[in-house]
Each structure stands twice: as C-alpha cells, then as structure tokens.
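First listed ligand is number 1; within each ligand, the first listed atom is number 1.
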Amino acid sequence: MAEKTRERIAEMKANKPQPLHEPLIFLGAPGAGKGTQAREICSRLGIPHISTGDILRANATKQTPLGLLAKASMDRGELVSDEVINEMVRDRLSQPDCQNGFLLDGYPRTLAQAEALGALLQERGYGTPIVVNLRVGYNIVVKRLGGRRICPVCQRTYNVNFHPPLRDGVCDADGSPLQQRADDREEAIRERLLAYEAQTAPLIEFYKKGGRFFDIDGEQEPEQITGELARLLEVQ
Ligand code: AP5
Ligand code: MG
C-alpha cells in the first residue's frame with residue numbers, strides 16, 4: 001500500500017469521532033425526583049448535570065435575554081419553545097466538560113426535542129442514550145412540589161413534608177435562607193402536570209422503542225432510588 005494511502009487511513013481514523021460514554025437522560029413528571037437523583041449520580045460519575053430548568057432559572061435571575069424570554073412561560077408552568085431549548089442544549093453540549101458523558105435532566109420534553117437530540121448525538125458521535133424514567137403518582141408529586149424548598153447558594157433541595165432541613169427555613173450546608181420556586185404554586189403545578197401529560201409522557205413510548213429504557217419506582221426513599229440507579233449504571 002502506498003505510503004500516502006496509509007497516512008490517509010491513519011488520518012481518517014484519528015479524525016473519526018469515537019463513541020463517547022453514553023449520555024444519560026432522566027425522564028419523569030415535575031417533582032419525580034430527577035434533580036435530587038441527578039445531583040447524586042453525577043457527583044459519583046464525575047459528569048456534568050445538565051438541567052434545562054436550572055439553566056433557564058439561572059438566566060432568569062441574571063435577566064439575560066434568554067431568561068427574560070423564558071420566565072413568563074416558566075412561571076405559568078408552560079413549556080418554553082422547542083427552538084429556544086434545542087439551541088440552548090446544543091450550545092451547552094459543545095462545552096468541553098461534556099466530552100466524557102453527561103446527564104440530561106428535564107430535556108428532552110417533547111417529541112420534537114427528542115428528535116433534535118437524537119440528530120445532535122449522532123452528529124457528535126455519542127452512543128445511544130440510557131433513558132431512566134422515574135415513575136411517581138400525581139398525588140405524590142403535588143405534595144412534593146408544594147413542600148419543596150431550595151438553597152439559592154448551593155442548590156441543595158429540601159422538602160418540608162418529607163425531608164425538612166435541621167433548622168426551619170435554613171440550609172443545613174451553608175445556613176442560607178431557603179427559597180420556594182415561583183412555579184411551585186398550586187396553579188402553576190397544575191399547568192406543569194398538564195404539559196407533562198400532553199407533551200412529555202409520550203416520550204416514554206418513544207424511548208421504549210429505542211431499547212435502552214429503564215423504569216424505576218420513584219416513590220421509594222431517595223437512598224433506595226439512588227441504590228437502584230447505581231446498580232443499573234454500575235457506579236459505586
Ligand atoms: P424543571 O426545572 O425541569 O422542572 P420540572 O420538570 O417541573 O421538575 P422539577 O425540577 O420540579 O422536579 P424534579 O423531578 O427535579 O424533582 P426534585 O428532585 O426537585 O423545569 C421548569 C420549567 O422550565 C418548565 O416548567 C418549563 O417552563 C421550563 N423548561 C425546562 N426544561 C424545558 C424543556 N426541555 N422544554 C421546554 N421547557 C422547559 O424533587 C422535588 C421535591 O421532592 C423536592 O422537595 C425533593 O426534596 C423531594 N423529593 C425528591 N425525591 C423524593 C423521594 N424519593 N421521596 C420524597 N421526597 C422526594
Ligand atoms: Mg428539577
């Protein structure tokens with residue numbers, strides 16, 4: 001084989017995108033525990049936790065154009081448009097910390113988003129994502145969302161009904177006053193559940209067909225759920 005051809009093959013091999021760690025996707029209704037579990041699993045795996053809700057809220061706090069655009073829909077409990085969200089995720093996944101895997105929490109949330117993500121993952125040479133659905137009944141998520149309190153500094157999440165902080169209204173880790181999310185009001189919770197039922201629940205069937213879909217009982221204690229996830233994903 002001519003030297004030039006050998007060089008060309010070596011060059012092609014070097015440039016070919018290698019399959020990366022499979023991305024993880026956490027599906028589940030509002031309040032299913034996606035964020036709680038994602039934080040734990042990502043810290044064990046050392047991969048970034050990409051929550052589209054967290055990115056939007058951070059933008060809303062900083063009053064960026066994206067944040068200003070998204071805030072009204074979020075506060076009402078409606079979804080932000082697919083175009084805006086897909087562009088935001090494309091941008092986030094371009095960052096170098098995503099090269100060795102990442103976990104998506106709250107994305108995709110519509111069939112159009114799932115299709116856009118599929119195309120993006122293929123374009124970037126990622127393997128087929130592992131999809132985990134946290135299954136929780138609506139009566140439970142309503143209680144969870146109404147009782148949720150968040151530390152604005154370290155983002156630790158508490159629940160006045162299930163997992164209260166040691167001191168009322170104060171973060172155990174850094175002593176900051178805890179806050180309630182604007183969309184954890186009763187009316188917004190109702191809208192979020194309607195949006196979930198109409199637009200996000202169909203993704204369960206979509207990903208079941210993909211073959212790497214796992215359903216987990218999200219009504220267990222958080223530590224039990226983490227244990228199941230750790231066994232499934234083979235993490236310590
Ligand atoms: P987002 O921030 O993603 O909110 P969500 O999907 O409604 O989910 P939550 O964050 O409320 O719940 P979670 O499953 O993370 O539960 P958590 O672990 O906190 O999105 C917000 C908004 O942004 C959307 O409504 C939309 O407007 C917009 N948006 C975001 N992504 C979008 C997208 N892709 N497309 C379009 N728009 C988008 O737990 C909840 C509570 O329960 C906590 O208090 C926790 O302590 C407690 N808890 C957790 N696990 C347990 C357990 N096992 N037992 C008892 N209590 C528990
Ligand atoms: Mg969340």
Evaluating non-hydrogen atoms only, which member of K34, M74, R109 is closest to atom 20 (O) of ligand 1? R109
Under 4.0 Å between a side-chain nitrogen and a carboxylate oxygen: does that hold for R149 and D168? no
For T52, take its heavy atoms, then give the atoms of ligand 1 lying under 4.0 Å from any of them. 30 (C), 31 (N), 32 (C), 34 (N)
More than 12 non-hydrogen atoms from neighbouring residues, nucleotides or ligands closer than 6.0 Å to CD on Q122, yes or no? no
Nearest heavy-atom neighbours spanning R185 and D75: NH2-O, 2.9 Å
Is there at least one pair of N or O atoms, one from V80 and one from ligand 1, spaced under 3.5 Å apart? yes
Which ligand 1 atoms does T36 reach within 4.0 Å, using its non-hydrogen atoms? 17 (P), 18 (O), 39 (O), 45 (C), 49 (C)
Tell me, please: is Q220 in heavy-atom contact with ligand 1, that is, under 4.0 Å? yes
Indicate whether the side chain of T157 and that of R39 have a donor and an acceptor atom separated by less than 3.5 Å. yes
Going through the distances and angles, do I130 and L233 end up as a side-chain contact (heavy atoms from CB on, under 4.5 Å)? CA-CA 9 Å; I130 297 173; L233 302 170; 4.2 Å; yes
Nearest-0.5 Å distance, CD1 of residue I25 to CZ of residue F214: 12.5 Å
Element-labelled atoms of ligand 1 that are located less than 4.0 Å from some non-hydrogen atom of L56: 23 (O), 28 (C), 29 (N), 30 (C)
I'd like to know whether ligand 1 has A32 as a neighbour, heavy-atom separation below 4.0 Å. yes
Has ligand 1 got any nitrogen or oxygen that is less than 3.5 angstrom from a nitrogen or oxygen of R57? yes
Among D105, D184, N159, the residue with a heavy atom nearest to atom 41 (C) of ligand 1 is N159
Between R90 and E123, does any side-chain N to carboxylate O distance fall below 4.0 Å? yes
Rounded to the nearest 0.5 Å, what separation is found between the CG atom of N59 and the CG atom of L66? 4.0 Å
Is Y196 touching ligand 1 with its side chain, its backbone, both, or neither, if touching means heavy atoms under 4.0 Å apart? neither
G35: numbered ligand 1 atoms lying under 4.0 Å from its heavy atoms: 13 (P), 15 (O), 18 (O)
Nearest non-hydrogen contact to atom 50 (N) of ligand 1 from the set R192, Q155, R144 belongs to R144
Go through the side-chain N and O atoms of N133 and Y207 and say whether any donor and acceptor fall under 3.5 Å apart. no
Given R181, E78, M88, Q37, which has its nearest heavy atom closest to atom 26 (C) of ligand 1? E78
Of the protein's non-hydrogen atoms, which lies at the shortest distance from atom 43 (C) of ligand 1, and what is that distance? T157 CG2, 3.4 Å
Would you mind listing which atoms of ligand 1 come within a distance below 4.0 Å of any non-hydrogen atom of Q113? 33 (C), 34 (N), 35 (N), 36 (C)
Between R44 and E40, does any NZ, NE, NH1 or NH2 come within less than 4.0 Å of an OD or OE carboxylate oxygen? yes
Under 3.5 Å: N/O of P108 near N/O of ligand 1: no
One residue to check: I85. Relative to ligand 1, which of side chain, backbone, both or neither has a non-hydrogen atom less than 4.0 Å away? side chain
Under a 4.5 Å side-chain heavy-atom rule over Ile, Leu, Val, Met, Phe, Trp and Tyr, are I204 and V132 clustered together? no
Consider only side-chain N and O atoms of T128 and E22, and report whether a donor and an acceptor are under 3.5 Å apart. no
CG/D215 to NZ/K208 distance, rounded to the nearest 0.5 angstrom? 6.5 Å
E228 bridged to R231 by N-O distance under 4.0 Å: no
Provide the number and element of each atom of ligand 1 under 4.0 Å from a heavy atom of Y158. 43 (C), 44 (O), 46 (O)
Give the residue and atom name of whichever protein heavy atom lies nearest to atom 19 (O) of ligand 1, and the separation in Å to one decimal. R148 NH1, 2.7 Å
Tell me whether ligand 1 is touched by G31 - counting only heavy atoms on the residue side and a distance under 4.0 Å. yes
Can R76 be said to touch ligand 1, with heavy atoms closer than 4.0 Å? no
P222 heavy atoms, cut-off 4.0 Å: which ligand 1 atoms fall inside? 52 (C), 53 (N), 54 (N)
So CG of L104 and NZ of K34: to nearest 0.5 Å the spacing works out to 12.5 Å
Among protein heavy atoms, which sits nearest to atom 16 (O) of ligand 1, and what does the distance come to when rounded to 0.1 Å? G33 N, 3.2 Å
Have a look at ligand 1 and work out which part of I225, if any, has a heavy atom under 4.0 Å from it: side chain, backbone, both or neither. side chain
Taking only heavy atoms of L145, which atoms of ligand 1 are found under 4.0 Å from at least one of them? 11 (O)
